[in-house]
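Here the structure is laid out as structure tokens; the discussion comes afterwards.
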Amino acid sequence: MTQETWTAVDKYLNDVYTPADSALDAALRASDAAGLPPINVAPTQGKLLHLLARTINARRILEIGTLGGYSTIWLARALPQDGKLISLEADAKHAEVARNNIANAGLDDKVEVRLGKALETLPTLQAENAGPFDFVFIDADKQSNVEYFDWAVRLSHPGSLIVVDNVVRNGGVVDAASNDPSVQGTRRFHAAMANDSRVAASALQTVGAKGYDGLMIALVIRN
Ligand code: SAH
Ligand code: DHB
Ligand code: MG
């Protein structure tokens, strides 16, 4: 099986499960026009995040890593009328593009994009009592995933879901000698998960138009 097959199958599935959507399609076009890298989640993954958040009736969602707000829009659409999503983004240009895309999707009343390095903005969220969050999506720099996951557990409650993107890294995750910091960060993350009794978790490999990677899903048991 090759990338060509994965891309063709992704397109086939997208046609069924994620048909054209003006706000999401516009968000990707605007992100591309602004020069943002095309590293948003795939459509079927965005919809999976949306379905998971809806399944648990999430009212408060935290996202770490906004980019152009593509996954943000999928997640915010799962919220009830009075729901709230806070998304953390370190890059000012990404945050600006995201805010425009979110407003264009009619979601600016529910979504706040916070500019700053997540390891600096997460303590602020705690100081503000912004939590607890019902759903957390971690998708920023992979080097800090251990710290982000720890914050996610602390800012959530038993029954919350935490999803971490990019936990396989084209298979690089099995290479203990890798000098890719994102691979090393991901390996540290999985090692920490092996000993984290606060959550029940699993991880899946994924393929598609965006290549070969994976998702981790954790249910918070205690925090
Ligand atoms: N969740 C998005 C993709 C995020 S890409 C989607 O699926 O649509 C990763 C994002 O994390 C980038 O925008 C990058 O600027 C941001 N990022 C990287 N390091 C960060 C940090 N330390 N704090 C917050 N955001 C960071
Ligand atoms: C990268 C980051 C992501 O969040 C992603 O989904 C794919 C790639 C990256 O930094 O390369
Ligand atoms: Mg990602």
Side-chain angles (χ1 to χ4, degrees), residues 1-10 13 28 31-32 35-46 48-49 52 62-68 70-72 74-75 87-91 93-95 98 116-123 135-156 161-220:
M1 288 303 132
T2 62
Q3 179 62 58
E4 196 185 349
T5 308
W6 303 343
T7 301
V9 173
D10 228 1
L13 296 176
L28 292 182
S31 299
D32 188 51
L36 273 53
I39 56 174
N40 52 279
V41 292
T44 51
Q45 293 168 3
L48 174 67
L49 295 172
L52 289 171
L62 173 63
E63 176 176 69
I64 307 177
T66 318
L67 192 64
Y70 181 78
S71 54
T72 319
W74 274 113
L75 282 167
S87 188
L88 309 180
E89 173 55 55
D91 184 297
K93 183 166 105 175
H94 296 184
K117 290 191 163 125
L119 288 178
E120 289 163 19
T121 48
L122 285 161
F135 189 101
V136 185
F137 179 46
I138 299 175
D139 191 20
D141 56 311
K142 315 310 167 191
Q143 295 91 309
S144 297
N145 270 349
V146 171
E147 289 77 18
Y148 295 153
F149 189 80
D150 195 53
W151 274 108
V153 174
R154 285 154 61 188
L155 290 168
S156 64
L161 279 184
I162 304 172
V163 177
V164 181
D165 195 24
N166 310 114
V167 299
V168 171
R169 309 263 62 187
N170 198 33
V173 76
V174 294
D175 179 8
S178 171
N179 50 25
D180 177 343
S182 84
V183 167
Q184 286 303 342
T186 302
R187 287 179 58 82
R188 274 194 300 279
F189 169 70
H190 289 301
M193 292 305 297
N195 297 303
D196 196 332
S197 60
R198 301 172 300 176
V199 298
S202 189
L204 299 175
Q205 305 184 64
T206 59
V207 294
K210 290 181 183 289
Y212 169 33
D213 215 314
L215 287 172
M216 192 244 34
I217 304 181
L219 173 66
V220 176

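All values reported here derive from a predicted model rather than from experimental measurement. Atoms considered below: every heavy atom in the structure, side chains included; atoms not considered: hydrogens, waters and symmetry mates. Along the sequence shown, residues are numbered consecutively beginning with 1.
Under the 4.5 Å side-chain criterion, counting only non-hydrogen atoms from C-beta, R187 is in contact with V173. Within the 4.5 Å cutoff, side-chain heavy atoms of L49 are placed close to those of V163. Y148 is listed as a side-chain neighbour of L122, based on a closest heavy-atom distance under 4.5 Å. Counting heavy atoms from C-beta on, the side chains of S31 and Y70 never come closer than 4.5 Å. Between W151 and P123, some side-chain heavy-atom pair lies under the 4.5 Å cut-off. Residues N170 and V183 have side chains not in contact (no heavy-atom distance under 4.5 Å, counting atoms from C-beta outward). Side chains of T44 and D10 form a contact here, defined as non-hydrogen atoms less than 4.5 Å apart. Side-chain contact between V41 and L48: absent, with no pair of heavy atoms (C-beta onward) separated by less than 4.5 Å.
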Point to revise | D139/I64 under side chain to side chain contact (heavy atoms under 4.5 Å, CB included): CA gap, chis, key distance, verdict | key: CA-CA 6 Å; D139 191 20; I64 307 177; over 6 Å; no

Check your understanding: Could you go step by step and tell me if L155 and V136 meet the side chain to side chain contact (heavy atoms under 4.5 Å, CB included) rule?
Key -> CA-CA 9 Å; L155 290 168; V136 185; 5.9 Å; no

Practice item. Decide yes or no on side chain to side chain contact (heavy atoms under 4.5 Å, CB included) for N145 and R188, but give the supporting numbers first. Key: CA-CA 8 Å; N145 270 349; R188 274 194 300 279; over 6 Å; no

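Interatomic distance, L28 CG to N40 CG, rounded to the nearest 0.5 Å: 5.0 Å. Rounded to the nearest 0.5 Å, atoms OG (S202) and CG (L219) are 12.0 Å apart. The CD1 atom of I162 lies 13.0 Å from the CZ atom of F137; values are rounded to the nearest 0.5 Å.
Closest approach of T66 to L88, counting heavy atoms only: OG1-O, 3.3 Å. In terms of heavy atoms, G65 sits closest to E89 at C-OE1, 4.0 Å. Heavy-atom minimum distance, G211 versus Q3: CA-OE1, 3.2 Å. Minimum interatomic distance between E63 and S87 (heavy atoms only, all atoms of both residues): OE1-OG, 2.6 Å. For A98 against L67, the heavy-atom pair with the smallest separation is CB-O, 3.4 Å. Of all heavy-atom pairs spanning L119 and S144, the tightest one is CD1-OG, 3.8 Å.
Side chain of K210 to main chain of P38: a donor-acceptor pair is present (N/O by atom type, distance under 3.5 Å, no hydrogens or angles). A donor-acceptor pair is defined here as one N or O able to donate and one able to accept, closer than 3.5 Å; such a pair exists between the side chain of Q184 and the backbone of S178. D213 places a side-chain N or O within 3.5 Å of a backbone atom of V167 that can act as its donor or acceptor partner.
F189 pairs by the ring-ring contact (aromatic ring centres under 6.0 Å, His included) definition with F149, not counting sequence neighbours.
The side chain to side chain donor-acceptor pair (under 3.5 Å) test with K142 singles out one residue from T186, D180, D165, N166, and that residue is N166.
Taking 4.0 Å as the cut-off between side-chain N and carboxylate O, D196 and R198 count as a salt-bridged pair.
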